[in-house]
Enquirer: 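First the structure, then my questions, so here it is.
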Amino acid sequence: MSRRPRNRPPVDLAGTTDLPVLLPAADSLARRAARERELGAALPRLDWRHGLVLLAVLLVSAGVAQAQAGAGREPVLEVLLRWMPVLLRGFLFNIVISFLAMAVGTLIGTWLGLMQISLLPPVRVGSWFVTQFFRNAPWLVLLFYCMFLLPFEFRIGGLVIPFPDWIKATIGLSLPVLANVSEIVRGAVNSIPSGQWEASESLAFNRRQILWMIILPQCVKRMLPPWMNLYAILTMATVLASIVGVSEMMTQAGRVLAAEDRPDLLIPIYSFVLLCFFVYCYPIARWTVALERRFQVKL
Amino acid sequence: MDWSWAFDWARGLYHATGINLTFVYDSFDRDRLARGFMNTVYLSLICLALSMVIGVVGAWLQGSKLVWTRRIVQGYIQFFRNTPPLVQLYFFFFAIGSLMPTHENRFGFQEPMLDNFTWAVISLSFFAGAFNVEIFRSGIEAVPASTIEAAEALGYNRLQTYRYVVLPLAFRVCLPALNNNLVNLVKTTTLAYAIAVPEMLYMANQIWSDSVNVPETMTFLLFAYVFLVGLLVWAMHSWERALRMPGYGR
Amino acid sequence: MAWTPDQPLVSCKDVHKSFGAVEVLKGVSLDVAQGETICIIGPSGSGKSTLLRCINALVPIDRGSITVEGQEVHDPKLDKLALRRKVGMVFQQYNLFPHKSALQNVMMAPVTVLKQDRKEVEERAYRLLKKVRLSGKEQAYPGELSGGQQQRVAIARSLAMNPDVMLFDEVTAALDPETVKEVLVTIRELAEEGMTCLLVTHEMGFAREVADQIYFTDRGVIVEQGSPKEFFANAKDPRTQEFLSQIL
């Protein structure tokens, strides 16, 4: 129970600063908690082994299903292959939705984040309120809100802009994204030492110039990793659109299962769905880690 | 307390403007919403408690000498951290649920052994528990051996060292991460809608389907959630501030 | 056999201790009489800190004997609580409890371990903090204090247990040169008041001033010992001479 090393000499490795801080574990946990708070969600941490495990689950479950089904039925992998175009088209939907939601969320979120550091109190408080509102709302509720309350088409003069379900879902998903981007921007700007502001002010830059020429370029490094993490989280959240009936991959998987009516297909198909998400998200995760390392934003 | 003025006001609002707040003046809808709210709270609390237990047990197992025990815990954490919670829920409910035996209920129908609510509890507890394992582990690891030694030098026995020094310190280290996890959990309970658990979102859906007042119920629901989560976040942050150790961290 | 004050308060005889394959103490013997101040000096890794930890039963010894007031420290039946009440220890890294204020740090052990009356302990804690010149800092948390201040809180925390002997383990090694002095002044006052002190230190000037006996250890053995005067003036062993020539 006692964690005092009984078989090592009592050498104190805690460093020799005035503050004997808690051990690195405390530090990394605090840092992670702070970043997850900024991000508004738990950080995914993908590993190449996850892909291998998923592939193994897919193959083993297909094999087991095969053995149980007996000779008379179509092999599981063939069924999967037959439905693959449908499933992958669904997955394309996930990606398109994630791309658009991220683009919209980033554009609006960046402005919202900059408004949060405005010198005008009403702007600051207002944008803070909007940010907190969408951060605290569950993603699924926001999705429902947009699905049910946005019109199915917009009319501007004689022009009719149709609003299909997936566009509404995109808007619904971009709301939490923009709130979290806003927090990321605010956090990054606040992390730049005040000396940078003072130095630029002493060089007679105005506020707009300081922000755009000095502060924001330095922020990019700090914002990029959480922004990419947010994208990975968003991509995984696009499956929520299946609950509101968008024909993305999870919906299609459900339809395939209903059409085939074979319970033994359940695990192979779900693991295939997860595998697709893994193949897409893993490179992003790797890249994020590499960037974090390069920018020395330790986690 | 007499709420009839509020019911009258909501009824008047409907007649005057067409804004139909059935969940205020209609006792049936009101009860449904209240039940949904209670179920959301209930679901959150049970999952919170269970995920804590899973976290403690998992952290303990992770310190095991057996390689395979540690690997299994690690695999569990990896699965729940890196897959969408919705997929986890479906996996539990459809994949494992279909393997469970059924029994005959008093109307003569086959009924699954575990109901939807239980599956939601299991799935969400495992989801939140995966994060707790890592949090608790880091919390205990965060307390330096030298601090424990100092306590021992002052004559604390093991139990006292844990009670007065290790656990209070570890708890302070864990608290922010635990709070994130809790807030995340409350938001994730909405997913239980997907397997027809009568929580707040599901009940609201029933209300707007029956009473055809989608915008009113929806808006109320959104604000209710934002208020609920906001309150939780505020309370947790105040707690963190109260337990802050001056001079450590920001 | 009852202990009487004319016998050594702390007595180590042929103490051996290994960490794995590394033998850190290879037969160390030393005696400390009541009211005496002794300093242990020597190069890093010579086993000085380990010896202090053995005296406090924080680290079990392999062979030999250590007694404090006639009590065998490594007797399995020993009441460690009673021992640690008699032996106070101050660490290089202060090791204050960061979630408690300075006052609470001083009060915690007497209240929770010794179950003493809170009011009484509080009065004593105020007095002790005043003694280490930290009046006014009672409510400050460790994270808000400088290294030197934290170390003095740690000294007060040990004194609150009313120990008969104090062990100081390189208590100034982690401090800024300016704050070293304030801690040393506190220790000297303690020594002058008659507290039995064992110090492991690198502060040669201080050792020469306060110590009654100086022990020089190297690679797990005591190479040389003597009063500060003869020790610094004419060290006999070549290892001691080399060490002193590097330090002084």
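Please read these numbers as outputs of a predicted model, since none were measured by experiment. Computed from heavy atoms alone, side chains included, the values below leave out hydrogens, waters and symmetry copies.
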Enquirer: Taking the side chain as everything from C-beta on, heavy atoms only, tell me whether C:Arg84 gets closer than 4.5 Å to B:Leu154.
Expert: no

Enquirer: Which atoms form the tightest heavy-atom contact between B:Gln160 and C:Thr112, and what is the distance?
Expert: NE2-O, 3.3 Å

Enquirer: Is it the case that more than 12 heavy atoms not belonging to B:Arg70 sit under 6.0 Å from its CZ atom?
Expert: yes

Enquirer: Around atom CZ of B:Phe37, are there more than 12 heavy atoms from other residues, nucleotides or ligands closer than 6.0 Å?
Expert: no

Enquirer: Please round to the nearest 0.5 Å and tell me the distance separating atom CG of B:Leu169 and atom CZ of C:Phe97.
Expert: 8.5 Å

Enquirer: Closest heavy-atom contact between C:Phe91 and B:Glu149?
Expert: CE2-OE1, 3.6 Å

Enquirer: Write down the atom of B:Ala153, the atom of C:Leu58, and the distance for their closest heavy-atom approach.
Expert: N-CD2, 4.0 Å

Enquirer: Output the distance between atom OH (C:Tyr141) and atom CE (B:Met245), rounded to the nearest 0.5 Å.
Expert: 10.5 Å

Enquirer: Flag yes if more than 12 heavy atoms outside C:Tyr126 fall under 6.0 Å of its OH atom; otherwise flag no.
Expert: yes

Enquirer: Answer yes or no: are there more than 12 heavy-atom neighbours, outside B:Arg172 itself, under 6.0 Å from its atom CZ?
Expert: yes

Enquirer: Which bit of C:Val90 is near chain B, if near means a heavy-atom gap under 4.5 Å: side chain, backbone, both or neither?
Expert: neither

Enquirer: Between B:Ser146 and C:Asn95, is there a side-chain donor-acceptor contact under 3.5 Å, judged purely by atom types and distance?
Expert: yes

Enquirer: Looking at C:Lys137, I'd like to know if its NZ atom is crowded, meaning that more than 12 non-hydrogen atoms belonging to other residues, nucleotides or ligands lie closer than 6.0 Å.
Expert: no

Enquirer: What heavy-atom pair brings C:His99 and B:Tyr164 nearest, and what distance separates the two atoms?
Expert: NE2-O, 3.2 Å

